Structures are given as C-alpha cells and as structure tokens.
Amino acid sequence: MLYKEYGKTGKKISVIGFGGMRFLKDGETYDLDKCAALLQKASELGVNYFDTAPSYNQHMSEVIFGHAFKNMPKPFYVSTKSNASDGDKLRENLETSLKTMNVQKINFFHIWGVNTLDIYRQRIKKDGAYDTALRAKKEGLIEHLVFSTHCRGDEIAKIVRDGVFEGVTLGYNILNFPFRQEGLKAACEQGLGVAVMNPLSGGAIPKKAEYFDYIRNPDDATVTAAALRFLLSHKEITVALCGMATIEEVIADTEARENIKEFPESKKEEIKKNLSLSMDKLCTGCNYCEGCPSGVDVAKHMLAYNQDILVDRERYFGFMKFHWGLAPEAVEACTECGECEKKCTQHLNIIERFKEIAKWAKEQKK
Ligand code: SF4
Ligand code: SF4
C-alpha cells in the first residue's frame, strides 16, 4: 500500500481509503461481525483511513465501525461528519459519533455537505457549527477539521482560499474532472489534504465498462483500474475512498494499488478529447455554459442528467437532492434564450433536456 501526506497534518494516509456507505445487508439486517471483518481485512492490507457518516447505511455505518474498532489489526484514522447548521446540533452529532464508535477523538471531522457558498457562509458564521467544531478541536475531541462538498471547482477554490479548513473531501472522477479541477488545484496550493469520493462515478464506470474502454492504458487490466490510476496519479489527491461491499473488492482494490503508475499526460489529453468527441451525449462539467441570464445553474443540472443516461432516473434525483440540494423544477426558469447551448462544448441540446427534466419533476410530484 502506498501512503501520502494528508496536507499539512503530518499524517500519512493510505492512497485507498475505506468508504463506509456500501455495506450489504444479510436479509433485513446487517451482520455486524461480517461487516466489521471488511474493515479489519482492509486494515490488515494497509488501509488506514476509514470514512463514515452518521446516516450512512440507515444509521448503521458508525455502529459497524465501532464494532470493527474493538479489534483493528493496525493503527487507523477515523473520519466522520456533521451536516448540522448550528453549533448545538453539531456538538450533539459529534458526541453521538464518539459514543457510537467508542473512540476518544475523530481524526478527520467533516463539516458535511458544504454544497453551496450560502451553506458555507451559514456554517462558518460566528458561534455557529464551525466555531463549535473548533472548540471541540481545542478540547481534543477533533484532530483535524475538514469539509466535504459537491460544489463547482471555482466555488471550492473560494472556500479553500479562506484557509479555515485542513482538508476537503470532494467528488472527483475521470468523468467529471473538468467540473472540479480548479478546486482541486486550489486545495493543493493551499496545502489541504484531499480525499475523493465517487471515484467510479457511483459505479457508472464499471457498469458501462465497454462504453468507457477508451480510458484504459494498454497496461490497465480494467476500466476500474484505469479510473483509479487516473485519480491516484494526481499529486493533488491524497486518498480515494472506495466503497467496499465485499472482501474480494477490498483485496482487489488494495492489491491494485501496490504500485501506482503515472497516468500518461498524453492519455489524459486523449480522454479529454474523447469526452468531447465520443461521449457525445454526456456533459463533461466544463462549465463553459455558465452565466445563464435566468440564473439556472446549467452545468449542475446537466451533470445530474448524465446519471439518467448512465445509471437510472432515480440516481438523477439522488444527485440533485444530495449533491446540490437543487430542485429539478428550477429548470423551469429557463426562457429558452439559447445562450448556454451556443457555449456548450459538447453541443448538447440543453433546452430539450430541461423540458424533459421539468416533465420528470411534475411526474414525481403526482
Ligand atoms: S437557454 Fe435557458 S438555461 Fe440556457 S442560458 Fe438561456 S435561459 Fe439559461
Ligand atoms: S458547456 Fe455543455 S458540457 Fe460543459 S458543463 Fe455546460 S452543458 Fe456540460
């Protein structure tokens, strides 16, 4: 297993982290021993970053983590989160997480779901959630204060330049990298550690392996291997969080990372070109369409629409709700002026898609 420095924290983190949101149930419930064995096996293989959140797996993820922590083979770091908008609630969340996992401190505590600049401002306002977390840090209950986000790259750049966080967890993968590249670069320049979630675009990449075959280098066995290699060859990225539902997956992911080969620059260029050419139906998140006179955040809606193409409609709605807290019907503000379509690098029929989205939103309300 390879390890990288997480920002300026002095901690060396395994390049593959354990993402605790994909445990499988045995019938109606989770088998705690079986789920805990996944964390323990990952630890044995060198994974030392374990990421969870209070609501993952119907509030069972932290319970599973706590069960596993009774018997971890190697030292480890725990990461969890609070999406509380006020200080009291954050404190309550933190104390619950500490108790549930039976740990003395949270190594990486996330101000969770900072998905717009308004949310960011709200969380860091005086005596709010951030200040409470900072006090808990002084008490030794939190070691490093970080944030997680699905914002655009330019928004992330603004947040990290304020210098209030030690690290960030963001969604970044071979399909959406133009959307957050600016934020990733800024995070690195500011000396933040970076964890990436959704490294396989929520499973869309392995699911559509044939479609994405062009991302493979000749020496990548699978598109999954190529997608992870792409991420981990970024100097800006510390750790990629892999949802590990089976022990085989843990082993395969970890073994695959014994040696990270550089991802050739020429291949990155080829991928960018392919994103523009062969993936003619997909939005690349380049954000060239920004500046809608009616205030529609075109790129976010269009990136969510990708999920309908690649996975299913349900995932589209999930993306809208959890990543951006955007209502699908916000597209109704579109006056069909055509400005965004003129600027779209993929020549996408944005207006038609927005009509479709508006229809889905109506159907969902029925
Ligand atoms: S076509 Fe609609 S979404 Fe695009 S810029 Fe015009 S008003 Fe905005
Ligand atoms: S310009 Fe086109 S491809 Fe780029 S983000 Fe906007 S809709 Fe997506």
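Order of listing sets the numbers, starting from 1, for every ligand and every atom in it. These figures come from a predicted structure and were not determined experimentally.
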* Using a cut-off of 6.0 Å, state whether more than 12 heavy atoms not belonging to Lys105 lie near its atom NZ. => no
* Could you tell me how the ring of Tyr172 sits relative to the ring of His234: parallel (under 30°), tilted (30 to 60°) or perpendicular (over 60°)? => perpendicular
* Structure fact -> Less than 4.0 Å from some atom of ligand 1, heavy atoms are found in residues Cys292, Pro293, Ser294, Val298, Cys334, Thr335, Glu336, Cys337, Gly338, Glu339, Cys340, Ile351, Phe354
* Asked: Relative to each other, are the rings of His150 and His323 parallel, tilted or perpendicular (30° and 60° limits)?
  -> parallel
* Asked: Which ligand 2 atoms, with their elements, are less than 4.0 angstrom from a heavy-atom of Asn287?
  -> 4 (Fe), 5 (S)
* According to the interplanar angle, ranging from 0 to 90°, do the rings of Phe50 and Phe76 count as parallel (below 30°), tilted (30 to 60°) or perpendicular (above 60°)? -> perpendicular
* To do: Could you label the plane-to-plane angle of the Phe65 and Phe69 rings as parallel, tilted or perpendicular, counting under 30° as parallel and over 60° as perpendicular?
  => perpendicular
* For Ala299, take its heavy atoms, then give the atoms of ligand 2 lying under 4.0 Å from any of them. => 5 (S)
* Asked: When Tyr49 is tested against each of Phe18, Phe108, Tyr3 for side-chain contact (heavy atoms from CB on, under 4.5 Å), which residue passes?
  -> Phe108
* Asked: When the ring centroid of Phe147 is compared with that of Phe165, is the distance short of 6.0 Å?
  -> yes
